[in-house]
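First comes the structure, then the notes that go with it.
Below, chains carry the letters A, B, ... as their sequence lines are ordered, and counting in each starts from 1.
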2 protein chains.
Amino acid sequence: MLTIGGLAAHAGVTVRTVRHYHAKGLLPEPERDHSGYRVYGAEAVVELIRIRTLTAAGVPLARVRALLDAGPEEFAAAVAEIDHRLREEIRVRERHRERIAGLVAGDGLALPVEVTGLLERLRALGVDERIVRIEHDGWILLAAHSPEQAAAWAADKRDQLGEGPLIECYRGLGEALDLADDDPRLAGLADRLAACVERLDVGRAGSLVGEGIEPPLARLLDSLAFDSAPAARRLIGLLRRRGRADRTGIDGGDGRPEAPTRGR
Amino acid sequence: MLTIGGLAAHAGVTVRTVRHYHAKGLLPEPERDHSGYRVYGAEAVVELIRIRTLTAAGVPLARVRALLDAGPEEFAAAVAEIDHRLREEIRVRERHRERIAGLVAGDGLALPVEVTGLLERLRALGVDERIVRIEHDGWILLAAHSPEQAAAWAADKRDQLGEGPLIECYRGLGEALDLADDDPRLAGLADRLAACVERLDVGRAGSLVGEGIEPPLARLLDSLAFDSAPAARRLIGLLRRRGRADRTGIDGGDGRPEAPTRGR
DNA sequence: CTAAAAGGCTGACCCAGCGTCAGGGTCAAG
DNA sequence: CTTGACCCTGACGCTGGGTCAGCCTTTTAG
């Protein structure tokens, strides 16, 4: 006869595990001796080993009892289903491995390489770091929404950077960063920006942004910029009056703080 | 500005998930509006997406915060460690798959094919089903203790079954099953069994059992037989007096019930 | 204008498979 | 008699949220 520790040792499990199986009804509670200790016979060892054989093969505890009592064909069916589950879990982990590998390849975040390339280039061209950061966050939103389109747009935008007008826009925005909401110089900046946008607008500017972006996402992108750059909201308002802002894909609204957006 | 539902929708998670992240300190609690609703800005969406990017790659929540704030080299180190963990989890599941495949190949339990072959043969030779069952359980214990040795022993024993003496022993034991502890016919049976054992003992019988089995396991095997067959204990006692039982690897003790075995 | 649907709030319990105290009692040996 | 190794029950902890329950607020439809 065995105490619980002896039983556990024979089956290669912990005492806690045996008690857990009792509590779950997996292993029947044995008789107790005069002081309340559980007393096991050899069949308990056999039964416990049978249980462990199944759990060691990935069978969930909740199904062990049924499997031990099952006939050959239900057993085979259950095993097939468990094998299916195991394959699924392996697949999930392999996808995870691919993703974390992708994380170190990107900048450690949710960005495709095209976007990190674009951001590098903006920095190299002397664009203000605050603007680069806003771009960065904006691309995270875009990439989360539609990764492959974001990658294509980023590649396209990076190529346009070499051509002049776009980088001028960024420089103008950089100057606006340090101006207060009511600074009189904003008007002049708006003129310059309008000129840049005019020159941009020729060919593929429209394909950059503004198509395929639903209003909720567009509003989100706007508020991202407005939150970080106080003068941006007013600047956009000025641009709109010049009839340009609608072509940048920026919504901008009426230039006043938005009400909360509810639901999805 | 967004409510919690809007935030969740933008990041593709449930509202419950967002609140969970707040509770874990993963995502900072935002301001509340006049009625206690949480109000989020666009940066919260960005941050939530960054969190999801990591969790979707298998990073445990407890490590997400540290990883988001980490520099590139610690990030790379952490990612390497997480990848290691994922590989480990995949390995575990692949071992599980092999094992459940082995389960259907065996008899659905912890037995190697050699043992199931032996049991089949015993049945085919007309050995009492109760004895087959005791053998079955005994092999489970042996296989749990040292699988490869058990397989070898079983193969050896199966081969010996064709040669006569061993199967006679089993038949004798089968008759003993239905006798009470004090039946006078037990003495005659003991004589017949002693003769079988004598003939068995020549060559490799000693290699079957009795070597490499530690006392605790031997006692367990004994009590397995004694519990199922009431006359077995007395029979072994008689055999011992004839000086044979020691060669079967059966301990048998003094023929009286054992005291509990404690510890391991 | 009003009622209903849709969201939001907190708090609490639930899943697996045990690990790990806490706060005792029991047993064998020195 | 003490010490150390076991045993007992009961309860909380971990992961990553799901799912009520009970109540309040906002939006929408009639």
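- When rounded to the nearest whole Å, the span between CG of L7(B) and P of dG7(C) equals 15 Å.
- Straight-line distance from the NE2 atom of H20(B) to the P atom of dT15(D): 9 Å, rounded to whole Å.
- Distance H96(A) NE2 to dG16(D) P: 11 Å, rounded to the nearest Å.
- Between Y21(A) and dG17(C), a side-chain N or O to OP1/OP2 separation shorter than 4.0 Å is absent.
- Distance, R19(B) CZ to dG18(D) C1': 12 Å, rounded to whole Å.
- The side chain of R32(B) sits closest to dC9(C) out of dG25(C), dG18(D), dC9(C).
- Residue T14(B) is classed as a sugar-phosphate contact, given heavy-atom separations below 4.0 Å to backbone atoms only.
- The side chain of R38(B) sits closest to dT10(C) out of dG25(C), dT10(C), dC8(D).
- Here T17(A) does not reach the OP1 or OP2 of dG17(C): none of its side-chain N or O atoms lies under 4.0 Å away.
- The separation between D33(B) atom CG and dT25(D) atom P is 11 Å, rounded to whole Å.
- Protein atom CG of L61(B) is 15 Å distant from nucleotide atom C1' of dG18(D), rounded to whole Å.
- Checked options R52(A), E47(A), R16(A); the residue passing with Y21(A) is R52(A) (criterion: side-chain hydrogen bond (donor to acceptor under 3.5 Å, both in side chains)).
- When all heavy atoms of R99(B) and A57(A) are compared, the pair lying nearest together is CB-CB, 3.8 Å.
- OP1 and OP2 of dC8(D) both lie 4.0 Å or more from every side-chain N or O belonging to S35(A).
- Between dC18(C) and K24(A), no contact under 4.0 Å exists linking OP1 or OP2 to a side-chain N or O.
- Dense packing is recorded around CD of E73(A), with more than 12 heavy atoms of other residues, nucleotides or ligands lying under 6.0 Å away.
- Distance I51(B) CD1 to dG16(D) C1': 14 Å, rounded to the nearest Å.
- Distance R85(B) CZ to dT15(D) C1': 11 Å, rounded to the nearest Å.
- Between dC7(D) and T3(A), a contact under 4.0 Å exists linking OP1 or OP2 to a side-chain N or O.
- Between dA16(C) and R63(A), no contact under 4.0 Å exists linking OP1 or OP2 to a side-chain N or O.
- Only one option out of I51(B), T53(B), V46(B) pairs with I49(B) in a side-chain contact (heavy atoms from CB on, under 4.5 Å); it is T53(B).
- Regarding contacts with the backbone of dC9(C), every side-chain N or O of H34(B) stays at 4.0 angstrom or more from both OP1 and OP2.
- For the pair R16(B) and dG16(D), the criterion of a side-chain N or O lying under 4.0 Å from OP1 or OP2 is not met.
- Nearest to the side chain of I4(B), among dC9(C), dG19(C), dG17(C), sits dC9(C).
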Working for salt bridge (charged side-chain N to carboxylate O under 4.0 Å, His left out), residues E98(B) and R95(B): CA-CA 5 Å; E98(B) 291 167 19; R95(B) 272 209 305 274; over 6 Å; no

